[in-house]
Amino acid sequence: MDDQPRLMHSTHGVGMAGHPGLAQHMQDGTGGADGEGRKQDIGDILQQIMTITDQSLDEAQARKHALNCHRMKPALFNVLCEIKEKTVLSIRGAQEEEPPDAQLMRLDNMLLAEGVSGPEKGGGSAAAAAAAAAAGGGGSDNSVEHSDYRAKLSQIRQIYHTELEKYEQACNEFTTHVMNLLREQSRTRPISPKEIERMVGIIHRKFSSIQMQLKQSTCEAVMILRSRFLDARRKRRNFNKQATEILNEYFYSHLSNPYPSEEAKEELGKKCSITVSQVSNWFGNKRIRYKKNIGKFQEEANMYAAKTAATATNVSTHGSQANSPSTPNSAGGYSSPCYQSDRRIQ
DNA sequence: GACGATGATTTTTA
DNA sequence: TAAAAATCATCGTC
């Protein structure tokens, strides 16, 4: 206990432990009311700072060392740590429990599916192929566009990984720095390993929120890229002349009810080398555009009427079948240019 | 480049 | 839920 009196001892030296000017200021309570007194105190402090010498610093260091070596210090330190843990940390710990972030999971899944994160799938070619298939495309004519897509996706992937690496490095560096700082400070104030752990957790959460922004931006970039390269509208090709003729023939020969059945659509699709949904699109567009401007289509209608009539003549002459697929609602020839179906377009 | 045509998608309607 | 209607984005022609 020979050091004990020194703990309470006020010194003339300068340092954390001995500060007569400040100590007096705190004790007598004169600092608040008396301006002159305060000036005097500040003057004293400044005077003391000016008189700091190597010797006084050494003295302070020695005092600090003596404190650290005090036999009661570890026990006292542990008690303080325990108290702190029981009070502050338990409250904070309960507040900071967070569920796994659903948004982050969605972003991760998407980046994985697009081939941006995870193992490289040939620069995202698998994703490109899947996207192209989903868009109803595919085929060799798209290969150039797909290679562009792959190149851009590869760029995005590269940027993403570089940035991610940077963030991770920065996070590790910062964490190490903070841990060292806290460990250093734990010699003079009660910082338990648990608190350091908690601080590391906070740092990681902060950095992961930055990472989420990076992931979000990457997802947006991929979406834009997809829409730019793989949106079916962007690589639209007009149907060939023969396909358009077949569709028009059907349309005008069923003008009273231009709604092909599923079977008829399939047959038309086969004949035109297009999909059933393309047939549906074509009829949808045709009906609405015809209805909007019947006059404009009159000439076309007459032409196909003549064509149908000629085909019908051929059929009766040669006994062969008509070219157009039939439907349960087929009128079997050119009809008046306004729909009679209860399905409308009046 | 302007502009109409056209295939595809999205929104509205019945 | 299918079709109508609106809209978008590209094609093709001048």
Side-chain angles (χ1 to χ4, degrees), chain A residues 110 113-114 127-153 219-308 324-331 335-346:
Chain A
M110 185 185 158
E114 294 296 335
S140 58
D141 58 330
N142 292 324
S143 59
V144 176
E145 273 186 29
H146 285 169
S147 69
D148 280 352
Y149 175 83
R150 279 198 297 275
K152 295 272 179 197
L153 194 67
C219 281
E220 279 167 15
V222 172
M223 284 291 101
I224 291 165
L225 189 71
R226 273 184 82 117
S227 120
R228 175 102 180 76
F229 281 88
L230 302 172
D231 183 349
R233 277 189 292 204
R234 290 185 185 273
K235 51 186 177 58
R236 181 178 75 77
R237 296 281 180 277
N238 286 353
F239 298 156
N240 63 41
K241 213 171 178 181
Q242 198 189 355
T244 312
E245 276 201 6
I246 292 168
L247 293 166
N248 270 317
E249 268 176 34
Y250 187 97
F251 181 81
Y252 287 110
S253 64
H254 297 79
L255 204 51
S256 60
N257 186 34
Y259 298 88
S261 65
E262 281 305 306
E263 292 78 19
K265 281 180 193 171
E266 275 176 32
E267 208 177 328
L268 284 166
K270 272 184 198 166
K271 278 187 173 181
C272 304
S273 305
I274 58 176
T275 65
V276 172
S277 68
Q278 283 179 305
V279 175
S280 299
N281 287 339
W282 189 92
F283 274 88
N285 285 324
K286 189 73 182 179
R287 281 191 298 264
I288 195 78
R289 283 162 189 167
Y290 178 84
K291 183 202 145 186
K292 273 187 177 174
N293 197 347
I294 292 175
K296 197 184 87 181
F297 287 96
Q298 197 58 57
E299 200 181 324
E300 191 179 67
N302 291 338
M303 189 189 85
Y304 280 101
K307 211 170 181 179
T308 306
S324 303
S326 63
T327 71
N329 299 324
S330 171
S335 318
S336 72
C338 77
Y339 307 147
Q340 288 157 7
S341 161
D342 56 354
R343 266 256 166 65
R344 98 230 85 199
I345 306 196
Q346 302 294 346

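Below, chain A is the first sequence line, B the second, and so on; all start at residue 1. Note that the structure is a prediction, hence the values are computed from the model and not measured.
One atom, CH2 of A:Trp282, and another, P of C:dA4, lie 13 Å apart when rounded to the nearest Å. Between the P atom of C:dA3 and the NZ atom of A:Lys286 lies a distance of 18 Å, rounded to the nearest Å. When the P atom of B:dG7 is taken as reference, atom CG of A:Asn240 falls 10 Å away, rounded to whole Å. One interatomic measurement links the two molecules: CZ of A:Phe283 to C1' of B:dG7, which rounds to 14 Å at whole-angstrom precision. Between A:Lys241 atom NZ and B:dG7 atom P there is a gap of 14 Å when expressed in whole angstrom units. A:Phe239 has its CZ atom 18 Å from the P atom of B:dA5, to the nearest Å. If you measure from atom CZ of A:Phe251 to atom P of C:dA3, you get 14 Å, rounded to the nearest angstrom. Taking atom CG of residue A:Asn281 and atom P of nucleotide C:dA2, one finds them 14 Å apart after rounding to whole Å.
Set against B:dG7, B:dA8, C:dA5, the side chain of A:Gln278 has B:dA8 as its closest nucleotide. Comparing B:dG7, C:dA3, B:dA5 against the side chain of A:Lys296 picks out B:dA5 as the nearest. Nearest nucleotide to the side chain of A:Arg289, out of C:dA6, B:dA8, C:dG12: B:dA8. Of the candidates C:dA5, B:dA8, C:dG12, C:dG12 carries the atom nearest the A:Asn238 side chain, counting heavy atoms from C-beta on. Listed nucleotides B:dA8, C:dA5, C:dA3 differ in distance to A:Arg287; the shortest reach to its side chain belongs to C:dA3.
Sequence order on DNA chain C of the closest nucleotides to A:Lys265 and A:Lys292 puts A:Lys265 first from the 5' end.
As judged by a 4.0 angstrom heavy-atom cut-off over every strand, A:Asn285 is placed among the base-contacting residues.
Aromatic pair A:Tyr252/A:Phe297: centroids not less than 6.0 angstrom apart.
At least one donor-acceptor pair closer than 3.5 Å links the side chain of A:Ser280 to the backbone N or O of A:Val276. Distance alone, capped at 3.5 Å, places no donor-acceptor pair between the A:Glu267 side chain and the A:Ala264 backbone.
Taking the charged nitrogens against the carboxylate oxygens, A:Lys286 and A:Glu300 do have a contact shorter than 4.0 Å, which makes a salt bridge. In summary, A:Glu262 and A:Lys265 engage in a salt bridge, as defined by a charged side-chain N under 4.0 Å from a carboxylate O.
The base of C:dG12 has none of its N or O atoms less than 3.5 Å from a complementary donor or acceptor on the side chain of A:Arg237.
Contact annotation: A:Tyr259 reaches the phosphate of C:dA4 (side-chain N/O to OP1 or OP2, under 4.0 Å).
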